[in-house]
Amino acid sequence: MATFSDQESNEPGATLWRDGRPVYDRAGTVCVIGAGASGLTAIKNLKEYGFGVDCYERETGVGGAWNWRHDRSPVYASTHLISSRPLTEYPDFPMPDSWPDYPHHSQLLSYLEHYADHFDLRPHIWFGTEVVRVEPADGDRWDVTTRSTGGYGAERTSRYSAVVVANGHNWAPKMPAYEGLDEFRGKVIHASAYKDATQVRGKRVLVVGAGNTGCDIAVEAGQQAAKCWHSTRRGYWYAPKYTFGRPADQVTDSLAPYRLPLRLRQWLFHRVLKLTVGDLTRFGLPRPDHRVFETHPIVNSHLVYQLGHGSITPVPDVGRFRRNSVTLVDGQEIEPDLVVFATGYLPRFEFLAPELLGTDASGRPALYLNAFPRRHPTLAVAGLLQPDSGLLPLVHWQSVVIARWLRLREAAPERARSFAARVDAEAGDRWHSAKVKESTRHWFEIGHIDYLRVLQRTLDELEVAA
Amino acid sequence: MKTRVVRVRDWTRPVPAVFREVRAATPEAPEGKPPLLFVPGFGHGAWAFAEHWLEHAASRAFPAHAVSLRGHGGSGPAPKATLRAYAHDVVQVATGLDRRAVLVGHGAGALVVAHALARYPARAGVLVAPVFGGWGTLGTALGRNPAGTLPAVFGGRLRLHHRQLFSRELPDAAAREYAARLGRASARAQWQLLRQRPVEPAVGDPPMLVVGSPDDRVVPPSALTRAAGRYGVAPLLFPGMGHDMMLDARWREPVDAILDWLDKDLAG
């Protein structure tokens, strides 16, 4: 691990100034913010393309969200992957083939740690250092101000040729507002504070939200709690982890080469779910009000099974909270002692002025390929994706695109211009063939094959002769 | 050919796990040199490198490993293995090492390494007497040893004669003993070798070295030059040596050349 004194010793010292403060010139070095799954692959691929890289990580270890020791990590003891191994691993660093189809979160962490060691990434990472501000400087460069996590110590500003933001988007809880929530006497937590089943054991639990986390917690509460209600806003498609004895995502993707029209794929998927999961209304769930692929996929074989056992009671949306009870929109009154809001997360880039990413009033940035903002060619976001597969393969190729783009700008400015024009024209476009539901949950929703096909074209276009 | 990003086959038909034999020799005082992974060709196992090269590389401070491809040596059986499965074996062992590995492939193992390099950004790639396949390979083999080669055309075992593999400098008894230890690759992989599926480009732009012998009776000089040409390099030649350079009498010369090249090339 590098230390500040190391860095100072091979630097001539601050020669630049900004608002009366010294700025240390890091020349052609690229700054990566965050050493989670996205930041690590960004460091590795930038290195591979010959860039110097400084990465700032607020925690003391790698792995980001997947490191359960981190206070911002959303994982709970029973978290397993919901996309199968081949669709979740970095394409150039496969997980051990002796691992299960759906590894545990602790395996994913050891995988990321091994990736960092194997490619010798740790010397590039300044642990325990958080980024306070990222401000544009002359010549498309960036001034990055950092300090020790928690605000100790002095701030320090360094100037970089480019910045890759990989700070994750599953750590700032999105809490819903309900009438009467303040006066409710029961315990209310966000799913990010849910760590293991001891928190629900013997309690009467209401789980709000049918994301993958909400469904996992409902299943655990169904097994451990005295009572479990699961409140959802609409009917969803609950995909199983296995169909025909194979991981379900592998079965679905085996159709990819045929490039079937969306409607046909949806029809096939509906048929398969009908055959393997069955009619959800029989279990007391509302009929889905949308076609499959129009909401983020829920992968959970246990939920429907628990409904069959009667250990989970499906209920509609919450209407309001009262002192000792919750009134649902259908007028039903329930009395939970613990409410878990599995209502998702919001992206946050508190170190960046909103206009740099073209962020609108609701907080949604406008990016091309979910990565490149308009008019700031040396700023990119990695891993801001909500895919219907694992994230790692996508963010790997995304960071290769970023590295190639930064190289092409130097090597062939002419060719770079046409890409920049497209970034400007298409920032904010979606990369999903289905019409997804409007919700913060689906801001970054992409179809992994649609997205990868665009990345393939972009990679070929940005190819730089060695 | 370009690097493919949509890899439906890799996602939906993952190569099944199998026990893989890995032999290793560790240097007494590690100097931070990259680990080497030796990949034997068809019929050979990790033993072929364990004989001389592993210990020698370790004595020069390189952590050295050799894998037996599935169905070979001490690895688990795999009668239906494909070239993709072999490349998968190499990548699995390489990614299991603590640092980025140098892949060294011999014979058809060089083709396996070429496929593995498209799936793993190795520190460097070394191809020793590379057999990249195609009908020319079959023609050479049929010319040299029709009786041993013909059954392989029909899915049978390829029987290499010890005089195809070794120079006259290696005593006859030793040569016969090595030849007797040879196993076989799967019939499917043998066919794929002949059909010559195009190899995707290596990821991570690794430095490449090609080593061979003009007197190799499996890889004619033209094939050696062609294989080296794919990577824009000229082959490093060791006249008088047979195909199995790691077992032949003068085994020390090529391995020293490889290690010298690594010391020089990876120092910067």
Side-chain angles (χ1 to χ4, degrees), chain A residues 44-45 47-50 83-101 111 114-115 117-120 246-247 249-259 389-390 393-394 396-398 400-401 448-460 463-464 466, chain B residues 1-20 22 32-35 37 70 75-76 78 84-85 87-101 103 115-123 200-208 231-232 266 268:
Chain A
K44 182 223 153 231
N45 285 315
K47 250 181 95 164
E48 214 166 274
Y49 277 79
S83 49
S84 69
R85 193 158 43 74
L87 282 145
T88 310
E89 63 204 8
Y90 292 122
D92 60 354
F93 195 73
M95 294 182 195
D97 59 8
S98 54
W99 281 11
D101 289 331
Y111 171 69
H114 182 49
Y115 183 81
D117 292 328
H118 192 86
F119 292 110
D120 205 19
R246 304 267 316 148
D249 53 357
Q250 297 181 16
V251 174
T252 315
D253 269 15
S254 56
L255 292 174
Y258 307 108
R259 294 182 185 247
S389 72
L394 304 178
H396 166 84
W397 293 116
Q398 203 185 35
V400 175
V401 166
H448 68 286
I449 292 182
D450 298 329
Y451 186 77
L452 282 175
R453 283 185 178 139
V454 181
L455 284 190
Q456 175 87 70
R457 285 201 295 278
T458 314
L459 280 169
D460 296 346
E463 191 155 19
V464 221
Chain B
M1 194 177 179
K2 291 194 161 128
T3 300
R4 271 183 314 110
V5 164
V6 178
R7 296 175 178 171
V8 175
R9 204 172 167 71
D10 290 357
W11 300 334
T12 61
R13 293 272 155 230
V15 176
V18 68
F19 171 77
R20 280 179 286 267
V22 178
K33 293 188 183 180
L37 177 58
R70 57 186 62 206
S75 288
R84 184 170 77 106
H88 168 89
D89 287 338
V90 174
V91 174
Q92 283 284 316
V93 175
T95 53
L97 300 176
D98 52 359
R99 275 171 320 116
R100 258 172 93 192
L103 303 185
H115 282 291
L117 288 172
R119 288 290 179 274
Y120 168 72
R123 190 76 181 74
E200 281 183 59
V203 290
D205 198 19
M208 296 294 298
Y231 298 95
L266 304 183

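What you see below is based on every heavy atom in this structure, not just the backbone, and it leaves out hydrogens, waters and symmetry mates. Residue numbers begin at 1 in each chain, while the letters A, B, ... track the order of the sequences.
- Taking B:V15, B:D98, B:V6 one by one and counting their heavy-atom pairs under 4.5 Å with chain A, the maximum is reached by B:D98.
- Taking CG of A:D460 as the start and OG1 of B:T3 as the end, the distance is 8.5 Å to the nearest 0.5 Å.
- A side-chain donor-acceptor contact under 3.5 Å links B:Q92 to the backbone of A:M95.
- Heavy-atom distances place the side chain of B:V8, and not its backbone, under 4.5 Å from chain A.
- For a residue to count as touching a neighbouring chain, one of its non-hydrogen atoms must lie under 4.5 Å from one of that chain's; by this rule B:R9 does not touch chain A.
- For a residue to count as touching a neighbouring chain, one of its non-hydrogen atoms must lie under 4.5 Å from one of that chain's; by this rule A:D120 does not touch chain B.
- For B:H88 against A:D97, the heavy-atom pair with the smallest separation is NE2-OD2, 2.7 Å.
- Between chain B and the options A:W99, A:F93, A:Y90, A:Y49, heavy-atom pairs under 4.5 Å are most frequent for A:F93.
- Among A:P86, A:P247, A:P257, A:S389, the residue with the largest count of heavy-atom pairs under 4.5 Å with chain B is A:P86.
- Distance check, rounded to the nearest 0.5 Å: CD of A:Q250 to CG of B:D10 gives 11.0 Å.
- Across all their heavy atoms, A:H118 and B:A101 have their closest contact at NE2-N, 4.4 Å.
- If you measure heavy-atom distances from A:H396 to chain B, you find no contacts under 4.5 Å at all.
- Each of A:P91, A:A256, A:S84, A:S98 has some count of heavy-atom pairs under 4.5 Å with chain B, and the biggest count is that of A:P91.
- Among residues 450-458 of chain A, the residues having any heavy atom closer than 4.5 Å to a heavy atom of chain B are, in sequence order, A:L452, A:R453, A:Q456.
- Not counting sequence neighbours, A:R85 has no partner by the side chain to side chain donor-acceptor pair (under 3.5 Å) test.
- Proximity of a side-chain donor or acceptor of A:R246 to a complementary backbone N or O of B:T12 within less than 3.5 Å is detected.
- Using a 4.5 Å cut-off between heavy atoms, B:A94 contacts chain A through its backbone alone, with no side-chain atom that close.
- Only the side chain of A:K44 comes within less than 4.5 Å of a heavy atom of chain B; its backbone N, CA, C and O stay farther away.
- Residues B:T95 and A:P94 have side chains in contact (heavy-atom distance under 4.5 Å, counting atoms from C-beta outward).
- Residues B:W11 and A:I449 meet the side-chain proximity criterion, which asks for heavy atoms closer than 4.5 Å.
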